[in-house]
Amino acid sequence: MGGSAVIVIDMINTYDHADADLLLPSVEKVVPAVVRLLENARDQGVPVIYVNDNFGEWRSHHGEILRTALSGDHSHLVEPLQPDENSLFVVKARHSIFYETPLAYLLGRLDVRHVVLCGQVTEQCVLYSALDAHIRHLDVSVPRDAVAHIHEDLADAALRMMRRNMGAEIVTVDTVRF
């Protein structure tokens, strides 16, 4: 049986996009929980992997994505949860963390069989990533207090779908089992 990894989805962000005004209040609420999750994982030696949108900047890399987010108007949301020296980083271009990324290969190399998904957006990227993890026979946990949403009703439905259709364990940061 393989180990666990925490995957941080799209939290390195400038929030300069169409749905940002709807998303920001939820992000403000979840950042402290995401920080606690990262601290818990790092304290237990669990790999932390950031999988982040490149926002259409095809010459970007993780350092540039981070620098841009930290220099933006919402850097206070990025600063507390930025990658440390042991964090891994995968750049994505679409909703799923797996779609045309090397993530599945990386998880295999790390012998990861269980992913803990946190980040944004619950009813979009988190949902699609949970489905793609499930079809790859990975166990999935989603701490409901560490995922941000645009539409609360859709996020609640997405969490129910993850639990019911994908067998995901819907937990809180304080009850995550690595």
Side-chain angles (χ1 to χ4, degrees), residues 1-14 17 19 23 26-27 30 33-34 37-38 41-42 46-66 69 78 81-84 86-144 146-151 154-171 173 176-178:
M1 169 110 175
S4 298
V6 171
I7 302 182
V8 183
I9 303 171
D10 290 338
M11 291 300 286
I12 309 302
N13 201 308
T14 61
H17 50 79
D19 294 331
L23 176 61
S26 182
V27 173
V30 305
V34 174
L37 178 63
L38 296 176
R42 290 173 175 144
V46 173
V48 174
I49 305 168
Y50 290 75
V51 183
N52 216 91
D53 200 308
N54 70 357
F55 305 105
E57 298 295 327
W58 292 103
R59 285 178 242 184
S60 63
H61 57 80
H62 72 279
E64 183 178 334
I65 292 168
L66 180 60
V78 178
L81 45 83
Q82 63 184 312
D84 68 6
N86 295 314
S87 299
L88 303 170
F89 204 102
V90 173
V91 176
K92 71 178 183 72
R94 298 296 295 169
H95 294 78
S96 172
I97 58 179
F98 291 97
Y99 183 75
E100 296 194 6
T101 74
L103 182 63
Y105 177 78
L106 174 59
L107 295 175
R109 297 295 296 169
L110 296 173
D111 196 28
V112 168
R113 300 297 314 141
H114 170 233
V115 292
V116 179
L117 305 179
C118 67
Q120 58 190 8
V121 170
T122 309
E123 65 271 28
Q124 296 174 16
C125 298
V126 177
L127 174 64
Y128 306 144
S129 298
L131 174 60
D132 278 356
H134 173 72
I135 64 173
R136 286 168 174 80
H137 304 286
L138 296 168
D139 295 325
V140 177
S141 296
V142 180
R144 69 171 46 256
V147 288
H149 61 268
I150 295 171
H151 302 286
L154 296 178
D156 290 342
L159 289 168
R160 286 194 315 273
M161 289 172 61
M162 287 182 243
R163 177 185 300 125
R164 182 179 201 134
N165 299 343
M166 299 161 217
E169 184 179 33
I170 308 302
V171 295
V173 165
V176 168
R177 292 176 290 154
F178 297 116

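Quick caveat: nothing in here was measured; it's all calculated off a predicted structure. Hydrogens, waters and symmetry mates play no part in the numbers below; they use all other heavy atoms, side chains included.
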| task | Decide yes or no for E169 and V116: does some side-chain heavy atom of the first lie under 4.5 Å from some side-chain heavy atom of the second? | result | no
| message | Are M11 and V27 packed together at the side-chain level, in the sense that at least one heavy-atom pair is separated by less than 4.5 angstrom? | response | yes
| request: Please round to the nearest 0.5 Å and tell me the distance separating atom CG of N52 and atom CD1 of I12. | output: 5.5 Å
| request: Please report the C-alpha distance between F98 and L138 in whole Å, then the side-chain angles of each, then the deciding distance to 0.1 Å, and finally whether the side-chain contact (heavy atoms from CB on, under 4.5 Å) criterion is met. | output: CA-CA 12 Å; F98 291 97; L138 296 168; 3.8 Å; yes
| query | Mind checking whether L23 and V121 have side chains closer than 4.5 Å, heavy atoms only? | reply | yes
| Taking all non-hydrogen atoms of both residues, which atom of A41 and which atom of V48 are closest, and how far apart? | CB-CG2, 4.1 Å
| said: A side-chain contact here means heavy atoms from C-beta on lying under 4.5 Å apart; do L131 and I135 qualify? | reply: yes
| Any donor-acceptor N/O pair, T14 side chain to A69 backbone, under 3.5 Å | no
| request: Answer yes or no: is there a donor N or O on one side and an acceptor on the other, between the side chain of R113 and the main chain of L107, under 3.5 Å? | output: no
| remark: Note: P143 and V173 closest approach over all heavy atoms is CB-N, 3.7 Å
| note | Here the gap from D139 atom CG to M166 atom CE, rounded to the nearest 0.5 Å, amounts to 14.0 Å
| Any donor-acceptor pair under 3.5 Å from Q120 side chain to D10 backbone | yes
| task | Check for a donor-acceptor pair, side chain of D132 on one end and backbone N or O of S96 on the other, with a separation under 3.5 Å. | result | no
| said: Quick check: do H114 and V46 have side-chain heavy atoms less than 4.5 Å from each other? | reply: no
| Is a side-chain N or O of S26 found less than 3.5 angstrom from the main chain of H149, in a donor-acceptor match? | yes
| field | Nearest-0.5 Å distance, CG of residue L106 to CD1 of residue I7 | value | 8.5 Å
| field | Between CE on residue M161 and CG on residue D156, distance to nearest 0.5 Å | value | 13.0 Å
| message | What's the separation between atom CZ in R144 and atom CZ in R163, rounded to the nearest 0.5 Å? | response | 6.0 Å
| task | Please report the shortest heavy-atom distance between A158 and E123, naming the atom on each side. | result | CB-CA, 3.9 Å
| Looking only at heavy atoms, what is the nearest atom pair of N13 and V78, with distance? | O-CG2, 3.5 Å
| task | Give the minimum heavy-atom separation between K92 and V51, together with the two atoms involved. | result | CD-CG1, 3.8 Å
| L117 and M162: CA distance, side-chain angles, deciding distance, side-chain contact (heavy atoms from CB on, under 4.5 Å) verdict | CA-CA 11 Å; L117 305 179; M162 287 182 243; 5.7 Å; no
| said: Using the rule side chain to side chain contact (heavy atoms under 4.5 Å, CB included), only one of I9, V115, L110, V8 pairs with I49; which is it? | reply: L110
| query | Which word best sums up how the rings of H95 and Y128 line up, parallel for under 30°, tilted for 30 to 60°, or perpendicular for over 60°? | reply | perpendicular
| Verdict with reasoning, S87 to R42, per side chain to side chain donor-acceptor pair (under 3.5 Å) | CA-CA 9 Å; S87 299; R42 290 173 175 144; 3.0 Å; yes
| field | Atom of P102, atom of V90 and distance for their closest heavy-atom approach | value | CD-CG1, 3.9 Å
| field | L66 side, atom CG; Q82 side, atom CD - distance, nearest 0.5 Å | value | 5.0 Å
